[in-house]
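Indexing begins at 1, ligand by ligand and atom by atom, following the structure's order. If you read the sequence from its start, that first residue is 1, and numbering goes on from there.
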Amino acid sequence: MKRAFALEPFSRDHNDGLHLARALREERPDAPALARAAWERELADHFAEEERLLGPLAGEDSMRLHDEHRLIEQLLGELPGSCLALGQALEDHIRWEERVLFPAIESRMTPEEAANLALETLKMEHRRWETCPSRAEIVQHRLDRLHPKA
Ligand SMILES: [Fe+2]
Ligand SMILES: [Fe+2]
């Protein structure tokens with residue numbers, strides 16, 4: 001199913017997260033440093049925004065969302081020994097969000113909730129552009145497709 005526009009910024013973060021998860025699962029020597037940098041740049045903000053914005057829309061899944069974030073934070077603090085476990089936990093969490101949580105939220109949210117969420121996630125998207133300018137291009141292409149010029 002096509003991802004709701006309001007959730008796309010989270011899904012773009014997930015692309016980065018899956019690359020990181022792979023580096024961790026393969027125990028690449030630079031993976032712990034990559035994970036710490038990702039936490040500072042994107043992950044801490046991503047978790048906080050998911051809990052703030054999606055928690056109220058997630059129903060009974062909000063507990064799992066919260067618990068898995070805490071587990072991943074804990075494993076980050078246990079690097080480098082936790083490399084493999086962190087990679088697996090991060091990948092499993094992203095897959096669950098993409099396959100279960102996000103579709104559930106998409107099917108439940110009202111048009112007003114979707115509009116409010118889109119405003120908030122767009123602010124998060126703009127924060128990403130400071131550290132990842134290529135995302136601005138991706139989003140511009142996406143907007144061009146949504147609103148083709150006459
Ligand atoms: Fe999450
Ligand atoms: Fe996420």
Asker: Going by atom type alone, with no hydrogens or angles, which donor-acceptor pairs under 3.5 Å involve a side-chain atom of residues 24-38 and a protein atom two or more places apart or on another chain?
Answerer:
unit_1	atom_1	unit_2	atom_2	d
R25	NE	E91	OE1	2.8
R25	NH2	E91	OE1	2.8
E26	OE2	R22	NE	3.0

Asker: Got a sec, which residues hit side chain to side chain contact (heavy atoms under 4.5 Å, CB included) with A118, two or more places apart in sequence or on another chain?
Answerer: F5, A6
Asker: Classify the angle between the aromatic ring planes of H126 and W129 as parallel (below 30°), tilted (30 to 60°) or perpendicular (above 60°).
Answerer: perpendicular
Asker: Under 2.8 Å from the Fe ion (ligand 1), which protein N, O or S atoms do you find? Ignore water molecules.
Answerer: E50 OE1, H69 NE2, H93 NE2, E97 OE2
Asker: Is R127 salt-bridged to E49, going by a charged N under 4.0 Å from an acidic O?
Answerer: yes
Asker: For R145, enumerate each residue passing the salt bridge (Lys or Arg N to Asp or Glu O under 4.0 Å) test, keeping only those at least two apart in sequence or located in another chain.
Answerer: none
Asker: Has R41 got a side-chain atom pairing as donor or acceptor with T131's backbone, closer than 3.5 angstrom?
Answerer: no
